[in-house]
Number of protein chains: 2
Amino acid sequence: MVTIKEIAEMAQVSRSTVSRVLNDSGYVSEEAREKVEQVIEETGYVPSQYAKSLRTKRTKVIGVILPTIQTETPSRIVTGLGKELEEHGYQILLANTNHDKEKELEYLDLLKVRQVDGIVLIATNTAPNLIEKIKELPIPVVMIGQEAENVMYVSYNDYDAARTLTSLFIQKGHKKIGFIGVDESDKAVGILRKQGYYDEMQAHGLPVEENWVQKAVFNIDSGYDAMKKIHTSEGVLPSAVFAVTDRLAIGAMSYLKQEGLRIPEDVAVAGIGASEISQYIHPKLTTIDYQNEKAGEEAAKQLLSCIHSKKVKEKMILDYRLIERDSV
Amino acid sequence: MVTIKEIAEMAQVSRSTVSRVLNDSGYVSEEAREKVEQVIEETGYVPSQYAKSLRTKRTKVIGVILPTIQTETPSRIVTGLGKELEEHGYQILLANTNHDKEKELEYLDLLKVRQVDGIVLIATNTAPNLIEKIKELPIPVVMIGQEAENVMYVSYNDYDAARTLTSLFIQKGHKKIGFIGVDESDKAVGILRKQGYYDEMQAHGLPVEENWVQKAVFNIDSGYDAMKKIHTSEGVLPSAVFAVTDRLAIGAMSYLKQEGLRIPEDVAVAGIGASEISQYIHPKLTTIDYQNEKAGEEAAKQLLSCIHSKKVKEKMILDYRLIERDSV
DNA sequence: CTGTTAGCGCATTCAT
DNA sequence: ATGAATGCGCTAACAG
């Protein structure tokens, strides 16, 4: 492998001079620069990143921890991150936990060892030990999707989004509205969205029956099962169901259609996430767009600012957009 | 930051000894080992990866170049890669081209500069300059999804899969079968799948009308448009349509349903890819599963074997599985 | 404007 | 079994 030393010898200058043209730093005569550049061109020399990092303590690598890469939300976020980071010469080091919360912690350590310049955590929970670890870390960390004290984050307006959607149902004349949520360990999706639903119902003096509110996990089948439970439970059936994700909504619709129920005439359905498929299923799903790519971009910006120790606004809550289609 | 030198001092041994316990290499007395381990424990010391890399020339990082992370195929591959690599202490450095073929080449260089130990290229084409560059690279590269001479790859059996699917239509009594394909720059999807379709048709003495064969790009709307062209073209209409991806098939179905055509009674549809949504749309889509995760795992295995310079079988063609559902 | 010098943190001979 | 010495490839004072 060709090194800076050899380039220096071939160009008949010192290593420092080569380094200077490489980094555009300090003074270097036009003559010397041309000579060096020519030699670099000829040899196809590329500087060693790890030697460089050893000196500068910067790797230009950002670690990204995510629960899965197989659903749209994290994929879009990573795309956004990638776009923004690439422009600044940063790369992404991927750490996929496959929904294993233990690994979230492990990766936080591992990425430190890997000496990344910063970390983006696509968060699914805000467990105290996780937040503790983030604060202890000597490198900047930005969370996406969850909020926590004294931590940088980019999050969505889950509470208002849930109220907006519930409000839409009410506006369309629905009074009996069901809810398919997820576990409360996920504060953003499990608590905030549910709270928005409850509060909006209450604000309109609408009752919520226990049977209408089901807990699911993050997959389509689980949405199906939850809808089934709501449908087969005793008592009054809701005329509308709010699922906290599009996939859950799709599962619910799948059940309803199978039972011969019409959407939205018999039961209206809405989700959150603006998944690509939501506009191709029948009926087209009413949902909320969260601007995931933008979340990624903003998180990257925050992180880079922090790395370059500019002043940063530590938190950011993104706006959302209601997409009214045919399922409500 | 605490370094090996400080650990040595605190443990009252030499740096070499610390290095030995760190890497389990050479002799070190039980006494010394314990002392060192204790100090490491106390200080929370972690060795600097880049200093280590500078010495060993190994980074334990694999670069992954992909066209997008927003569709299921690459996502699944990356998941498979991640699982296998993680077990061996390797990490993934992500390079997203966003379908820009120029960037494929750029990233190949960039990853070299980043001194990754190997590269996985989720390939969309086999342009000569791309293949040339791969061969020139001093680090091992495994392609996924495309085949080429003198390059390591893991690919799918596109040709046979296409014949199988076409054969299924024929078996169900269809004689007029349409085809929605993609550009031939993508050899695997654009050429092989089409060839399989043509050959199977010919083997049964079935004619193919020009209007039945449409070219699309990789998105749902394009499948819709292609189906529309087939439907609105002059001449005899096919009773079945083979789309080369599930998303294209979904687009085609979307058009057919909108036109009030029944699937599969009026027009049967099949795709390739076994996308998650394929089993939740109506009717459930007949498709082919390509084992993308396994492709990722196998590519990782190949790469690691190559890095550790064991002998490798340079190429691997994965098997596929027909999933018969309700759309045919 | 340029070269000399001195490490960055680690693994690896080579002596002892 | 251990330590001293060396250098991986690079950047950054500093002196000229």
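It should be emphasised that the depicted structure is a prediction, and the values quoted were computed from it without experimental measurement. Each chain gets a letter, A, B and so on, in the order its sequence line appears, and its residues count up from 1.
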### Message
Going by side chain to side chain donor-acceptor pair (under 3.5 Å), Ser155(B) matches just one of Lys187(B), Glu147(B), Lys315(B). Which one?
### Response
Glu147(B)
### Query
Once you round it to whole Å, what is the distance between P of dC10(D) and CD of Gln115(B)?
9 Å
### Query
Does Thr59(A) reach the main-chain N or O of Gln115(A) with its side chain, forming a donor-acceptor pair under 3.5 Å?
yes
### Query
Can you tell me if the side-chain N/O atoms of Lys52(A) get under 4.0 Å from OP1 or OP2 in dT11(D)?
yes
### Task
Indicate, with a heavy-atom threshold strictly under 4.0 Å, whether Ser48(B) touches base, sugar-phosphate, or nothing.
sugar-phosphate
### N or O in side chain of Thr17(A) less than 4.0 angstrom from dG3(C) OP1/OP2
yes
### Task
Figure out the CG/C1' separation between Leu54(B) and dC8(D), and round it to whole Å.
4 Å
#### Entry: N/O donor-acceptor pair, side chain Arg20(B) with base dG3(D), under 3.5 angstrom
yes
### Task
Look at the side chain of Arg15(A) against the base of dG3(C) and say whether a donor-acceptor pair falls under 3.5 Å; ignore hydrogens and angles.
no
### Query
Would you call the rings of Tyr156(A) and Tyr290(A) parallel, tilted or perpendicular if under 30° counts as parallel and over 60° as perpendicular?
parallel
### Query
Are OP1 or OP2 of dT11(D) and a side-chain N or O of Lys57(A) less than 4.0 angstrom apart?
no
### Query
Checking Ser185(A) side chain against Asn125(A) main chain: does a donor-acceptor pair fall under 3.5 Å?
no
#### Entry: Nearest to side-chain heavy atoms of Val28(B), which nucleotide of dC10(D), dG9(C), dT2(D)
dT2(D)
### Query
Is there a donor and acceptor pair closer than 3.5 Å between the side chain of Ser16(B) and the base of dA4(D)?
yes
### Query
For dC10(D), does either OP1 or OP2 sit under 4.0 Å from a side-chain N or O belonging to Tyr45(A)?
yes
### Query
Are OP1 or OP2 of dT2(C) and a side-chain N or O of Ser29(A) less than 4.0 angstrom apart?
yes
### Query
If only side-chain N and O atoms of Tyr27(B) are considered, is one of them under 4.0 Å from the OP1 or OP2 phosphate oxygen of dG3(D)?
no
#### Entry: Phosphate OP1/OP2 of dG3(D): any Ser14(B) side-chain N/O under 4.0 Å
yes
#### Entry: Presence of Thr3(B) side-chain N/O under 4.0 Å of dG9(C) phosphate oxygens OP1/OP2
no
### Summary
Between Ser25(A) and Gln12(B), the residue closer to the 5' end of DNA chain D by nearest nucleotide is Gln12(B)
### Query
Atom CZ of Arg55(B) to atom C1' of dC10(C): distance rounded to whole Å?
7 Å
### Message
Can a side-chain donor-acceptor contact be found between Ser16(B) and Ser19(B) if the only test is distance below 3.5 angstrom?
### Response
no
